[in-house]
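Here is the structure we will look at.
All residue numbers in this chain count up from 1 along the given sequence. The structure displayed is predicted, hence computed values, not measured ones.
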Amino acid sequence: MQVLTRLSGGPLLVWTLVVQLVLRGSGVHATDGTKSCKLLSESESERKVLSRLEPLAQKNFTVDIKIAEESYTYAFQLCGDAGGAPGAGVIQVDHKKTENKVTVIGLYNSTQAIGGSDWVMLSYRNGDKYDNHCNKESRKAIIMIFCNQKVDMGPLEVVLEDRERDQDCFYLFELDSSAVCPPLDSQLSTGSIILIIGVCLLAVYLIGGFLYMRLIVGAKGMEQFPNYAFWVEVGNMSADGCDFVCRSRNREEASAYRGAPTEPMEEEPEERDDHLLPM
């Protein structure tokens with residue numbers, strides 16, 4: 001309110017301030033995606049894991065929780081200023097305090113990334129120090145991102161805050177996203193693909209040939225079938241081949257329906273009865 005009062009005489013400055021506040025609150029900044037994250041130990045493997053999370057870069061995730069009379073809001077941003085806090089990857093806002101106290105849980109310039117086939121574990125270290133727990137060491141956030149093909153970016157969930165130990169205390173969060181899912185392999189085998197291509201070619205041949213024979217040649221009836229004479233001959237030859245291979249009767253035996261013998265009949269000598277006539 002004090003800033004706006006001072007700039008009431010300069011409309012241009014007021015609009016500039018408003019635009020900056022909107023960009024700050026929405027987490028929109030000129031970035032290089034996951035390249036904004038600084039790894040504690042720069043390595044190609046960790047940088048490759050971070051690159052899998054590129055679709056989530058510069059997206060704000062928030063979650064509200066209530067524990068008894070306490071109320072908190074957690075904000076997470078991948079390689080960006082969570083909740084507008086400079087350098088903070090994860091923050092906690094305590095609503096019980098009159099001024100909504102902001103606690104930085106982890107910084108994205110102290111990042112670690114470990115990945116599996118369908119999950120990524122992201123760690124932000126060097127947050128604000130504990131007041132009375134964990135030997136007053138710096139806070140640390142661990143974000144587990146699991147594969148879920150059904151959602152691009154799921155809601156952020158707070159799993160626990162483990163601070164009942166002397167060291168290595170941490171906040172654990174979970175998030176579902178399709179960004180960490182492995183690429184889906186084709187479910188079709190080579191044989192299935194060949195079969196589909198063959199069916200498509202056959203359909204083109206039949207439909208195209210039918211239209212050509214009917215519209216161009218002017219064929220009617222069965223003659224509209226493309227290469228009708230050829231396929232009839234193929235069918236006859238196939239039937240003959242099947243009959244030759246599969247029939248069980250003697251091939252030299254005469255057909256039952258034929259009346260004539262297989263061998264030519266010898267001519268019988270003509271019997272003459274002329275000698276029986278009276279002289």
Side-chain angles (χ1 to χ4, degrees), residues 26 28 30-35 44-61 78-79 113 115-120 145-155 175-268:
S26 60
V28 178
T31 65
D32 296 326
T34 56
K35 293 182 180 179
E44 183 179 353
S45 60
E46 288 193 57
R47 188 59 64 180
K48 185 177 180 180
V49 172
L50 275 178
S51 66
R52 294 170 56 188
L53 303 177
E54 192 69 33
L56 305 180
Q58 309 306 318
K59 300 295 192 299
N60 262 320
F61 300 88
L78 179 65
C79 303
S117 60
D118 57 356
W119 58 271
V120 169
I145 305 174
F146 296 103
C147 167
N148 188 340
Q149 293 284 5
K150 298 181 180 179
V151 295
D152 293 332
M153 294 174 289
L175 178 67
D176 288 344
S177 174
S178 59
V180 299
C181 294
L184 294 177
D185 297 330
S186 176
Q187 301 297 323
L188 297 177
S189 64
T190 303
S192 300
I193 295 175
I194 294 176
L195 180 62
I196 292 174
I197 294 175
V199 170
C200 293
L201 293 176
L202 178 62
V204 171
Y205 167 75
L206 292 176
I207 296 174
F210 174 83
L211 294 176
Y212 174 81
M213 295 297 294
R214 182 176 180 85
L215 301 179
I216 305 301
V217 179
K220 302 294 183 181
M222 293 298 295
E223 298 294 333
Q224 298 175 94
F225 194 88
N227 303 110
Y228 174 73
F230 170 77
W231 292 114
V232 169
E233 184 66 20
V234 170
N236 291 336
M237 294 177 65
S238 300
D240 291 341
C242 181
D243 181 64
F244 178 81
V245 173
C246 299
R247 63 187 178 185
S248 59
R249 60 185 174 82
N250 190 352
R251 297 171 186 172
E252 297 180 356
E253 183 180 345
S255 301
Y257 59 86
R258 293 182 179 179
T262 57
E263 298 181 357
M265 298 179 60
E266 297 182 358
E267 295 184 1
E268 297 181 358

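Taking the side chain as every heavy atom from C-beta outward, F225 and V232 never approach each other to under 4.5 Å.
In this structure, the side chain of E46 engages the main chain of A113 through a donor-acceptor pair within 3.5 Å. Under the 3.5 Å distance criterion, the side-chain polar atoms of R52 are left unmatched by any main-chain donor or acceptor of P182. Listed for the S178 side chain is a donor-acceptor partner under 3.5 Å among the backbone atoms of V151.
At most 12 heavy atoms of other shown residues, nucleotides or ligands fall within 6.0 angstrom of atom OH in Y212. In D118, the CG atom is crowded: over 12 heavy atoms of neighbouring residues, nucleotides or ligands sit closer than 6.0 Å.
The structure places CG of D152 at 12.0 Å from CG of D176, a figure rounded to the nearest 0.5 Å. Taken from CG in L53 to OG in S51, the straight-line distance is 8.0 Å, to the nearest 0.5 Å. Rounding to the nearest 0.5 Å places CD of Q149 at 9.5 Å from OG of S177. Expressed to the nearest 0.5 Å, how far CD1 of I216 lies from CZ of R214 amounts to 12.5 Å. The CD1 atom of I197 lies 11.0 Å from the OG atom of S192; values are rounded to the nearest 0.5 Å. The line from CG of L215 to CZ of F210 is 8.0 Å long, rounded to the nearest 0.5 Å.
In plain terms, the two heavy atoms of L175 and G154 that are nearest each other are CD1-O, 2.8 Å. Between V120 and V49, the shortest heavy-atom distance links the atoms CG1-CG1, 3.7 Å. When every heavy atom of E54 is checked against every heavy atom of T34, the shortest pair comes out as OE1-OG1, 2.9 Å. The minimum heavy-atom distance linking K35 with R47 is given by the pair CA-NH1, 3.9 Å. K59 and M153 get closest at one heavy-atom pair: CG-SD, 3.7 Å.
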